[in-house]
Amino acid sequence: MKNQEIAKILYEIADLLEIEGVEFKPRAYRKAAQNIESLSVDIEELYKKGQLEKIPGVGKSIAEKIKEYLETGKVRKLEELREKIPVDIESLSAVEGLGPKMIKVLYEKLGVKNLDDLERVAKQRRIRRLKGFGEKLEKKILEGIEIARQRQHRFLLGFVLPEANAIMEELKPYVEKISLAGSIRRRKETIGDVDILAVSSQPEKVMDIFTSMKRVEKVLAKGITKSSVRLHGGIQVDLRIVGKESFGSALQYFTGSKEHNIEVRKIAIKLGYKLNEYGLFKGFERIAGRDEKEVYKALGMQWIPPELRENRGEVEAALNKSLPKIVEYDEVKGDLQMHTKWSDGANTIEEMVIEAKKLGHKFIAITDHVGSLKIAGGMDEEKVMEQAKEIEKLRERFDDIYIFHGIEANIMKDGSLDVSNSLLKQVDVVLASVHSAFRMEEKDDSPRNKSDRK
DNA sequence: GCCGTTTTCGGCCCGACTGTTTTCAGTCG
């Protein structure tokens with residue numbers, strides 16, 4: 001699916017147009033990008049059916065660019081913009097406090113094109129001398145560079161997992177066993193790269209297929225036991241093929257985390273064994289390895305769900321047979337935080353209800369933004385009342401799932417909520433979130449200071 | 001560049017905060 005890739009291209013066009021000082025178009029491109037990002041169907045399918053313009057926010061011109069990309073792999077407009085403004089917008093704007101306008105000044109006055117350039121001029125104290133910049137900003141930028149660098153190479157689980165599953169599906173006909181490993185198997189929030197482990201009697205064939213998938217942008221390495229590719233969109237995927245007698249121990253080893261593995265290996269040593277990716281050994285004898293559960297069992301431990309393998313006490317708990325039970329998807333009975341088209345969500349309430357039912361939910365709470373957060377579609381009181389009526393109607397139609405009516409209110413700088421008490425009384429659920437004033441000092445706003453305020 | 005139970009042209013959600021200023025521009029959500 002190229003949805004993410006196309007969204008990324010549109011975001012980049014938006015950023016570059018914004019640097020150029022073009023009005024309104026950036027917003028149009030971003031809106032289209034957002035909608036494409038959250039599309040549940042493959043954009044290529046829509047293109048084949050000639051339905052690109054059915055995507056909200058996509059009109060003639062953007063549809064044309066999507067078409068161009070799908071057919072040629074390029075978008076001329078973007079190439080032109082990049083030529084005119086050759087800066088790495090994505091990483092530069094990841095620096096907290098840096099937006100298009102400042103990036104433009106930094107490029108034009110100091111030739112800053114990427115994070116390395118930025119770091120150099122910041123350290124040379126040249127930023128503070130620019131008009132509109134100052135010492136504080138320079139320091140803030142310097143602090144932000146590291147964070148931006150770390151963030152750069154990681155991808156959200158929700159983006160990566162469907163891609164990884166699709167790859168496994170492609171490989172399945174040629175393997176006897178296959179599994180995700182690494183942080184994606186541990187279901188970490190963000191993923192550096194994807195690890196896949198397989199057993200196959202025809203490794204060459206598997207590697208051929210893996211490295212020639214349509215989604216591959218570049219083959220980084222190709223061998224019989226290990227190959228690495230980079231996908232369109234930048235995610236790196238490693239595929240390892242191991243012997244079936246070692247699949248379990250390899251899975252254990254490559255799933256990690258590193259800290260977890262160190263602890264588990266210590267247990268093995270204590271028992272007089274040796275644990276590596278090839279198996280659990282007593283001298284030269286392999287006493288486990290084929291199956292991951294068997295490895296933990298041989299060490300006198302409960303099998304530990306990957307999500308818990310972070311060396312936060314799970315090893316001791318597994319030894320004592322006192323691992324906590326993980327909540328499974330089918331045990332999740334509801335969701336108390338949901339946005340819809342009434343504020344900044346992508347779907348109607350009805351669509352959310354239908355989807356929630358599919359997930360087996362027994363209740364949901366619709367909690368759209370209210371009040372001052374207008375950019376996220378913050379509703380006023382009147383609109384909340386309108387929404388209440390719609391929810392009431394839906395409750396009648398869907399009697400096997402309960403729809404709570406909630407709101408997401410904003411916690412203001414003084415600690416108050418930006419909604420009236422009467423509104424609070426009207427709804428079932430109130431979420432309160434901080435959406436502004438993130439950089440306050442602790443002393444800045446204790447309640448006792450409140451009386452001093454206007 | 002998109003969109004339209006106010007509009008096919010003319011709008012395009014707002015408000016708070018910060019750091020730079022001496023009244024504002026840029027960023028963020």
Side-chain angles (χ1 to χ4, degrees), chain A residues 6 9-36 52-68 75 77-78 81 89 92-109 122 127-144 147-148 339 341-345 368-380 382-384 386 408-419 431-441 444-445 453-454:
Chain A
I6 288 169
I9 283 165
L10 298 179
Y11 278 127
E12 191 176 345
I13 293 177
D15 287 338
L16 289 169
L17 287 174
E18 191 147 32
I19 287 199
E20 286 220 300
V22 178
E23 278 191 293
F24 302 116
K25 288 188 189 184
R27 193 182 301 171
Y29 276 99
R30 274 193 201 114
K31 199 155 200 176
Q34 255 169 33
N35 287 326
I36 289 166
L52 285 176
E53 290 185 45
K54 293 223 165 125
I55 305 167
V58 174
K60 213 172 156 200
S61 171
I62 292 182
E64 203 51 52
K65 290 181 178 70
I66 296 170
K67 199 175 147 219
E68 191 188 342
V75 179
K77 170 101 174 172
L78 177 59
L81 284 166
I89 297 259
L92 286 177
S93 52
V95 176
E96 168 88 20
L98 268 198
K101 292 282 154 53
M102 287 177 165
I103 291 173
K104 185 181 188 193
V105 175
L106 288 166
Y107 169 62
E108 285 178 346
K109 301 283 179 200
I127 292 179
R128 64 179 69 182
R129 295 203 294 267
L130 293 174
K131 197 173 173 220
F133 291 75
E135 207 181 320
K136 269 191 169 171
L137 212 48
E138 191 178 79
K139 275 189 183 152
K140 196 172 146 187
I141 286 171
L142 220 36
E143 282 168 22
I147 298 162
H339 294 189
K341 284 189 167 171
W342 284 82
S343 65
D344 61 351
D368 277 302
H369 290 288
V370 295
S372 62
L373 203 66
K374 296 291 184 218
I375 192 72
M379 301 184 290
D380 57 24
E382 205 177 313
K383 238 181 146 188
V384 177
E386 257 177 69
E408 177 169 345
N410 309 302
I411 301 172
M412 307 312 280
K413 200 177 173 183
D414 64 358
S416 66
L417 293 184
D418 66 341
V419 290
L431 305 181
S433 315
V434 176
H435 290 120
S436 58
F438 294 115
R439 295 177 72 90
M440 284 165 69
E441 296 290 325
D444 281 350
D445 216 293
R453 276 164 210 285
K454 289 174 208 156

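Fair warning: this is a prediction, and the values are worked out from it, not measured in the lab.
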Exercise for the section: In sequence, state the C-alpha distance, the side-chain angles, and the governing distance for Glu18(A) and Arg30(A), and then conclude on salt bridge (charged side-chain N to carboxylate O under 4.0 Å, His left out). Expected result: CA-CA 11 Å; Glu18(A) 191 147 32; Arg30(A) 274 193 201 114; 2.7 Å; yes

Re dC2(B): Watson-Crick or G-U wobble partner, both distances kept under 3.5 Å, found to be dG11(B)

CD1 of Ile147(A) to CD of Glu96(A), rounded to nearest 0.5 Å, is 8.0 Å

(Q) Under 4.0 Å, counting only non-hydrogen atoms across every strand here, what does Lys65(A) touch: a base, just sugar-phosphate, or nothing? (A) sugar-phosphate

message = What I'd like to find out is whether the side chain of Leu81(A) reaches to under 4.5 Å of the side chain of Glu20(A), using heavy atoms alone.
response = yes

To the nearest angstrom, the NZ-P distance between Lys54(A) and dC3(B) comes to 13 Å

Taking dC12(B), dC2(B), dC28(B) as options, the one with an atom nearest any side-chain atom of Glu96(A) is dC28(B)

**Report entry** Nearest-angstrom distance, C1' atom, dC17(B) to dT6(B)
**Finding:** 35 Å

With a 4.5 Å heavy-atom cut-off, do Lys109(A) and Phe133(A) have their side chains touching? no

On a whole-Å scale, what distance lies between the C1' atoms belonging to dT21(B) and dC12(B)?
30 Å

Expressed in whole Å, how much space separates the P atoms belonging to dG4(B) and dC13(B)?
14 Å

Per atom distances to the His435(A) side chain, the nearest of dG29(B), dG1(B), dA16(B) is dG29(B)

- Task: Could you tell me whether Glu135(A) contacts a base, only the sugar-phosphate backbone, or nothing, with contacts defined as non-hydrogen atoms closer than 4.0 Å?
- Result: sugar-phosphate

Exercise for review: Provide the distance between the two C1' atoms, one in dC9(B) and one in dC28(B), to the nearest whole Å.
Suggested key: 32 Å

Closest to the side chain of Leu137(A), out of dT27(B), dG19(B), dC2(B), is dG19(B)

When rounded to whole Å, the NZ to P distance for the pair Lys101(A) and dC28(B) reads 12 Å

Checking dG29(B), dG1(B), dG26(B) against the side chain of Lys25(A) (C-beta onward), the nearest is dG1(B)

Rounded to the nearest 0.5 angstrom, the CG-CG distance for Leu98(A) and Leu92(A) is 7.0 Å

Assign each of Arg27(A) and Gly99(A) the nucleotide of DNA chain B bearing its closest heavy atom; nearer the 5' end lies the nucleotide of Arg27(A)

Close N/O contacts between protein and nucleotides 6-11 of chain B (under 3.5 Å):
none

Any side-chain heavy-atom pair from Val105(A) and Lys101(A) closer than 4.5 angstrom? no

Separation of dC2(B) atom P from Ile62(A) atom CD1, nearest Å, is 5 Å

Counting any heavy atom closer than 4.0 Å, what does Lys60(A) reach on the DNA or RNA strands: base, sugar-phosphate only, or nothing? sugar-phosphate

Check: Is the shortest side-chain N/O distance from Lys140(A) to OP1 or OP2 of dT27(B) below 4.0 Å?
Finding: no

Atom CD1 of Ile55(A) and atom C1' of dC3(B) are separated, to the nearest Å, by 16 Å

Sorted by chain and residue number, the side-chain hydrogen bond (donor to acceptor under 3.5 Å, both in side chains) partners of Gln34(A) (sequence neighbours excluded) come out as none

Glu53(A) atom CD is separated from dC3(B) atom P, nearest whole Å, by 8 Å

Q: Look at all strands and tell whether Pro26(A) reaches a base, only sugar-phosphate, or nothing, counting heavy atoms closer than 4.0 Å.
A: nothing

query = If we take the P atom in both dG26(B) and dT20(B), what is their distance in whole Å?
reply = 14 Å

So NZ of Lys77(A) and CD1 of Ile62(A): to nearest 0.5 Å the spacing works out to 10.5 Å

Exercise for review: With the side chain counted from C-beta on, respond yes when Ile127(A) and Leu142(A) share a heavy-atom pair under 4.5 Å apart, and no when they do not.
Suggested key: no

Next item on the list: Would you please determine if the base of dC12(B) is stacked by Phe24(A), with stacking meaning a centroid separation under 5.5 angstrom and planes under 30 degrees?
Entry: yes

To the nearest angstrom, the CD1-P distance between Ile141(A) and dG19(B) comes to 12 Å

Taken to the nearest whole Å, CG/Leu130(A) to P/dT21(B) is 11 Å

Assign each of Ser93(A) and Lys136(A) the nucleotide of DNA chain B bearing its closest heavy atom; nearer the 5' end lies the nucleotide of Lys136(A)

| request: Quote, to the nearest angstrom, the C1' distance that separates dT7(B) from dT18(B). | output: 38 Å

When rounded to whole Å, the CD to P distance for the pair Glu23(A) and dC12(B) reads 12 Å

